[in-house]
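Since the structure comes first, as structure tokens, the remarks are kept for the end.
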Amino acid sequence: MITESHEADHTPAVDHTPAAPHMTPDELRLWGERFLDWVAGYHERIESFPVLSQVSPGEVAAGIPVVPPAEPEGFDSVLEDLDRVIVPGLTHWQAPGFFAFFPSPATGPAILGDLLSSGLGVQGMLWASSPACTELETRVMDWLVDLCGLPRRFRSDSSGGGVIQDSASSSGLCALVAARERALSTTSGASLADLVVYTSEHAHSSIYKSARIAGFGADRVRYVDSDPTYAMSPEALAASVAADRAAGLVPCAVVATVGTTSSLAFDPVARLAAIAGAEGMWTHVDGALAGAAAVCPEYRFVNRGLGAVDSYCFNPHKWLLTNLDCTAMWVADREALTGALGVTPEYLRNPESDKGTVIDYRDWQVPLGRRFRSLKLWLVLRWYGAEGLQAHIRSGVAWAQQFAGWVRADPDFILAAPAPLNLVCFRHRGGDDANRRILAALNDSGRFYLTHTVLDGRYTLRLSVGTVATRAHHVEAAWEAITEAAANL
Ligand code: PLP
């Protein structure tokens, strides 16, 4: 039997296990200054590096010990390693000569926003798990609706709302899951194997991947034909849908693109959405790069037809001066999304969620946990203001258009696709091999990085403008290097 005196003998003593060697706030201040100084210095030195990394596979790994440190290390050696091992292994996306893929700008305000997000270390899965994380996100997503002239129904005070996803890929996946659930709940007797997704061969590869992850069969993703400008053909969509209906299948979703990856083609969203709407299908629009152009009233053509779609996304982490990762996604009917993605275990229940009066963004995305991403978008929007964002978009378009003009005027080159914004697809008339050699010459020079695509079976060069450090003279220098490479063919 336990007696009172026996209990007193076992009062637990304070445990003396030492805590881990955490960085103190003073040390954070000290190192923070040095690391931020290093980052600022990196941006200052950006033009001194070869744009495309010149390391061979395995070279970076060879500079990093095979075993992790057993004892705490000083951070001076980390700063040295950054310069010695990491920087040579970087392709410099922030370099002024970076014209590859699409831009992914790292800007001061977004860097600081990410720092705040890491520093605060909150997890915004539920409103209750950090109300500011949810409410700031809702507010900046509403701001973007207004800044970009998007349909009112995307606003949180309407039927829809916006959410920050990690990527356009995740946005496509969430949209297709919502589309799948809506089709299954509204079509009696339909099974997942019957559902069909329609997109174009010029849509981003993430759409096919998302469809497969969402459970659509590989033979249930249709690549609808496109017209000579690489835009999806509404007539071909209607024909494909009719053929599937006749075969007893269930048309489920159309995924259109405004600004395709290859050539910045614009699918005719209004006409596609009208067909989808009449068939009870979900329309998702991927505006990954081009959506940002809508901050300029003169480029609002990128929004055409969005009033009739179910979901839409674009990437501030491509052209709107916000560091990876930050994709803005909106839905017209938020309940269609949260109904498809919401799961509530007991351990996440709380009074506010139960009342249904707050947004829990975990129900709008695939993962549970989420960072405070809206901070960086908030800082970007406040630093630049609408005018600053417009200046960035307008300069990117102006310089790309000037480049397109030089291509048009040169008898040895041809524009390979319409160039309405900041991407120019072009080729030398000498054929695929000539274009490959021009690209290699440019990229080997260390001054530029361009990438290619294939349009109509022909090797095509792409020049995409939008990096923060790029100025008109860098674009001009790229054109000079291209014509010089062509002269040396
Ligand atoms: N959609 C389009 C049209 C794109 O151009 C890209 C990337 O370039 C993506 C989707 C994929 O974007 P993310 O990396 O955000 O998934």
Side-chain angles (χ1 to χ4, degrees), residues 91 93 98-106 110 162-177 197 199-214 221 223-224 226 229-232 253-269 272 283-294 302-303 306 309 311-330 365-367 370-371 373 376-377 396 400 417-425 449-455 460 462-467:
T91 288
W93 285 66
F98 183 95
F99 298 116
F101 309 110
F102 281 143
S104 187
V163 56
I164 301 179
Q165 303 279 6
D166 58 0
S167 60
S169 306
S170 289
S171 305
L173 174 58
C174 293
L176 286 177
V177 171
V197 174
T199 191
S200 109
E201 63 168 302
H202 297 283
H204 193 262
S205 54
S206 61
I207 302 306
Y208 176 78
K209 190 169 174 176
S210 294
R212 299 292 289 124
I213 295 169
V221 181
Y223 290 108
V224 176
S226 41
T229 67
Y230 312 109
M232 201 194 306
V254 175
V255 182
T257 311
V258 289
T260 60
T261 316
S262 265
S263 70
L264 220 64
F266 286 79
D267 290 341
V269 172
L272 300 173
T283 305
H284 175 67
V285 177
D286 175 6
L289 171 103
V302 303
N303 291 346
L306 291 182
V309 311
S311 53
Y312 170 64
C313 74
F314 82 88
N315 286 351
H317 72 225
K318 279 193 163 60
W319 201 12
L320 209 61
L321 300 166
T322 309
N323 297 20
L324 261 171
D325 47 1
C326 183
T327 294
M329 179 196 186
W330 291 270
Q365 61 174 24
V366 174
R370 58 200 329 270
R371 299 190 294 120
R373 282 200 199 93
K376 63 182 162 189
L377 194 51
L421 293 170
N422 64 333
L423 177 74
V424 184
C425 289
Y449 181 27
L450 275 74
T451 47
H452 79 281
T453 187
V454 172
L455 294 173
T460 302
R462 295 167 79 261
L463 178 124
S464 120
V465 185
T467 294

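We number each residue from 1, following the sequence as shown. In this text, all values refer to a predicted model and were calculated from it rather than measured experimentally. As the structure lists them, so they are numbered: ligands from 1, and atoms in each ligand from 1.
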Fill in the blank from the handout: By side chain to side chain contact (heavy atoms under 4.5 Å, CB included), Ser169 pairs with (sequence neighbours left out) Ser167, Ser206
Practice task
Output all residues satisfying ring pair (Phe, Tyr, Trp, His ring centres under 6.0 Å) with His204, sequence neighbours left out; order by chain, then residue number.
Solution key: none
Practice task
Not counting sequence neighbours, which residues clear ring pair (Phe, Tyr, Trp, His ring centres under 6.0 Å) with Phe266? List them please.
Solution key: Phe301
Completion exercise
Correct closest heavy-atom pair for Arg370 and Val163 would be NH2-CG2, 3.5 Å
Handout entry: Any donor-acceptor N or O pair under 3.5 Å, side chains Asn315, Thr327
Key = yes
Problem - Aromatic plane relationship, Phe98 with Tyr449 - under 30° parallel, 30 to 60° tilted, over 60° perpendicular - result: perpendicular
In a simple table, one pair per line, please give the protein and ligand 1 atom names for every N or O pair closer than 3.5 Å, along with the distance.
residue, atom, partner, partner atom, Å
ligand 1, 1 (N), Asp286, OD1, 3.4
ligand 1, 1 (N), Asp286, OD2, 2.5
ligand 1, 5 (O), Thr261, OG1, 2.8
ligand 1, 8 (O), Lys318, NZ, 3.3
ligand 1, 12 (O), Lys318, NZ, 3.3
ligand 1, 15 (O), Ala168, N, 2.8
ligand 1, 15 (O), Asn315, ND2, 3.0
ligand 1, 15 (O), His317, NE2, 3.3
ligand 1, 16 (O), Ala168, N, 3.4
ligand 1, 16 (O), Ser169, N, 2.9
ligand 1, 16 (O), Ser169, OG, 2.5

